[in-house]
Amino acid sequence: MGKIDLIPVKENELELLHKMQVESFMPLYEKYHDEWSPAIETLERNAPSKEG
């Protein structure tokens with residue numbers, strides 16, 4: 001298996017990545033209506049904390 005690099009998200013990329021997350025997980029949410037689905041997480045929930 002190949003190597004995977006995780007790159008931190010820049011603040012100006014958050015909205016686009018959230019949109020991709022919703023679009024990716026929405027078909028599963030529509031099928032299972034899972035209350036913990038990433039398809040229904042808010043952008044604020046995914047944003048990094050400004051504390052600390």
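One is the number of the first residue; the rest follow in order along the sequence.
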The salt bridge (charged side-chain N to carboxylate O under 4.0 Å, His left out) partners of Glu13 (sequence neighbours excluded) come to none
What's the spacing between Leu16 CG and Lys10 NZ if we round to 0.5 Å?
-> 12.5 Å
Nearest-0.5 Å distance, OG of residue Ser24 to NZ of residue Lys19 | 11.5 Å
Any side-chain heavy atom of Leu43 within less than 4.5 Å of one from Leu14?
-> yes
Using a cut-off of 6.0 Å, state whether more than 12 heavy atoms not belonging to Met20 lie near its atom CE.
-> no
Residue set satisfying ring pair (Phe, Tyr, Trp, His ring centres under 6.0 Å) with Tyr29, at least two apart, ordered chain then number -> His33
Please check if Ile40 and Phe25 belong to a single hydrophobic cluster, counting links between Ile, Leu, Val, Met, Phe, Trp and Tyr side chain heavy atoms closer than 4.5 Å.
-> no
Glu41: partners by side chain to side chain donor-acceptor pair (under 3.5 Å), with sequence neighbours left out = Gln21
